[in-house]
Number of protein chains: 2
Amino acid sequence: MRTIEWESGAVKMIDQRVLPGRFEIAVYRDYRDVARAIAEMVIRGAPAIGAAAAFGLALAAQQTTTHDRLTLLRELEEAAAVLRAARPTAVNLGWALGRLLRVAVAEDLDSADDVREALLREAQRLADEDVEINKRMAKNGAALISDGDTLLHHCNTGALATVDYGTALGVIRMAHEQGKRIHVLVDETRPRLQGARLTAWELKQLGLPFDLIADNAAGHFMRTGQVNAVFVGADRIAANGDVANKIGTYKLAVVAKENGVPFYSVAPTSTVDLSLAIGDLIPIEERNGREVLGLEFEGESVVPEGITARNPAFDVTPHRYVTAIVTEKSVVYPPFVRNLERAVNGE
Amino acid sequence: MRTIEWESGAVKMIDQRVLPGRFEIAVYRDYRDVARAIAEMVIRGAPAIGAAAAFGLALAAQQTTTHDRLTLLRELEEAAAVLRAARPTAVNLGWALGRLLRVAVAEDLDSADDVREALLREAQRLADEDVEINKRMAKNGAALISDGDTLLHHCNTGALATVDYGTALGVIRMAHEQGKRIHVLVDETRPRLQGARLTAWELKQLGLPFDLIADNAAGHFMRTGQVNAVFVGADRIAANGDVANKIGTYKLAVVAKENGVPFYSVAPTSTVDLSLAIGDLIPIEERNGREVLGLEFEGESVVPEGITARNPAFDVTPHRYVTAIVTEKSVVYPPFVRNLERAVNGE
């Protein structure tokens, strides 16, 4: 199944909190629960939470029984605010909601039921498009990978981070499907271990050779010439090409540049936020310190009691460390200010 | 108690594998068990394993019943080889054994019993000196810390990494004891979590304010101007100032330099290996992948079954990223080739 699907009036998601130990499907019939699922990371990954927000809004439209179109639109604005507040960094959330709200207010929709139908259709379309977009990105990016390459990957950007197929991991998967012999070094990605839990699970299923590494080890492998390229996703890209992505990305990018290793961010143009001039304007979510403190090691709690943690979930990689941004339109190289705008606006 | 002590013919160590959950003392009466304790990281930290090797050799001398001095010396060579092989990267192991073996062959020792006594005395002296050296380093390094500073620290370099007091964490402790108001960001230090387990435990006991962070977060805090200096230890320093230290140090150093954050390695001159011209000659231990794979998160095993990991335990930070090396003699600045040699040879 896809990471997220609509079925019989409900939103279904693979529960990513319990993978790889258990494969469970969460089913939601209230958009507020969808918002909570996004906040608690039942579903994560910028494109996937964009789709979750879209289906969440379609669900909100089904929940209300009003026959009045204007009342429905007002309620949808409220629901959109709840969904938008679930997580702050990934722009895909706001992007998806904006797209659905524009459909909702279209003048040719006469009744509340017309709006309901149009919203669900649009959410479905958005989800279907995500898969197509990922495959186009994957083809564009796979051209950057050579036979025999060892690739470094951070966090999870695979099928689970999207509706299906993946962004950065989609590129790696495409290269593998094209018959290139590649090896992946998988950053475990503390604190939530999306690499160790989700990327390892996906790569194992794909039969793609890989080794898990501690995030700390990535620099050693780059400095000693064992990495040919770094591929990561993105949660929001500013107009100048600065990339907000999973915490730890910035360190990787700096060290990659220092060692002449190409550093690629793979993201659909919906992740580009032309309204923000620079990356430092991107809101960075700081999550609960328990994600850092709640760790067990060999069956015992690791940290002393009563201590505190800082837990920024994302960091910003300034564009000067980014070799190129792989989108569904093209591989975008510097100068990003001009070339990203062209890619987004579809020239 | 100290991290390691000699008592009634046995070597006692705090078992660092079970901290902070349990405080247990391991007692060894066979030098082979001491070697195993070093390999399995019951004791770790370059100065501490130097002391462990010294006491281990003193123990080997007590174990044999020979009255023949030459036979004893031969047996000591064998024991030294076993102890030296316990871990490859920290030079303090070989340094301590060399120091004891030189004492053992001193011409004024007539009998096997004289050798036994001299070895134990020398091991005790080495351990006592370690504490004194650490305090001198701490004073030298504390001068680099200003009131109000936030310091980033990697791995554990405190009392537990030495006989007592610590190297890099000793510097931080000294600044705190001098009344400077400082805050520490503690890298958790995957895969073995020496920061989360040991440094957090030590800092809590010292009443020194700190926050635990995922290793991935260090770059974010440096880029956003929230770190005034980075302090780390060292396992071996080459003649040109290249520093081998806990995996992840290299990434920190590169990002510190990129952000104009001073990067200090704190180590006794016994950690400097003038016989190696450059850091790439330092042997880097690759430990069992289970250290990366054996992780639990919220009570469940994290990684899929049947996958593999790479697990280098150290990396090399080229000297161009090192602002200064803090030793017991002085704070050594570039050019390191000249100034390290002067510090080691006691000019």
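Every chain is numbered from 1, with letters handed out A, B, ... down the list of sequences. What you see is a predicted model; the values in this text were computed from it and never measured.
- Neither the backbone nor the side chain of B:Asn311 has a heavy atom closer than 4.5 Å to any heavy atom of chain A.
- One finds no salt bridge joining A:Asp242 and A:Arg320 here, because no Lys/Arg side-chain nitrogen approaches an Asp/Glu carboxylate oxygen to under 4.0 Å.
- The one candidate from B:Arg287, B:Arg192, B:Arg87, B:Arg17 that meets the salt bridge (Lys or Arg N to Asp or Glu O under 4.0 Å) condition with B:Glu40 is B:Arg17.
- Listed options B:Leu185, B:Asp211, B:Val254, B:Leu19 were ranked by heavy-atom pairs under 4.5 angstrom with chain A; first place goes to B:Asp211.
- Using a 4.5 Å cut-off between heavy atoms, B:Pro318 contacts chain A through its side chain alone, with no backbone atom that close.
- Both tests do not hold together for A:Lys257 against A:Phe263: distance to the six-membered ring centre under 6.0 Å, angle to the ring axis within 45°.
- Listed here is the closest heavy atom pair of A:Ala234 and A:Ala46: O-CB, 3.6 Å.
- For the set B:Ile284, B:Asp315, B:Leu293, B:Thr308, the entry with the most heavy-atom pairs within less than 4.5 Å of chain A is B:Thr308.
- If you measure heavy-atom distances from B:Glu286 to chain A, you find no contacts under 4.5 Å at all.
- With a threshold of 4.5 angstrom between heavy atoms, B:Phe210 approaches chain A through its backbone and through its side chain.
- A salt bridge does not link A:Lys204 to A:Glu202: none of the charged side-chain nitrogens sits closer than 4.0 Å to a carboxylate oxygen.
- Annotation: maximal heavy-atom pairing with chain B below 4.5 Å, among A:Thr249, A:Thr189, A:Thr317, A:Val292, occurs at A:Val292.
- Taking B:Arg22, B:Glu188, B:Arg223 one by one and counting their heavy-atom pairs under 4.5 Å with chain A, the maximum is reached by B:Arg223.
- The contact between B:Val316 and chain A is made by backbone and side chain atoms together, counting heavy-atom distances below 4.5 Å.
- Ion pairing between a basic and an acidic side chain is recognised when a charged N comes within 4.0 Å of a carboxylate O; B:Arg190 and B:Asp215 show no such pairing.
- Minimum heavy-atom separation, A:Ile307 to A:Val303: CD1-CB, 3.9 Å.
- For the set A:Ala196, A:Gly21, A:Ala218, the entry with the most heavy-atom pairs within less than 4.5 Å of chain B is A:Ala196.
- When A:Asn216, A:Leu212, A:Asp280, A:Val18 are compared by the number of non-hydrogen pairs under 4.5 Å with chain B, A:Asn216 comes out ahead.
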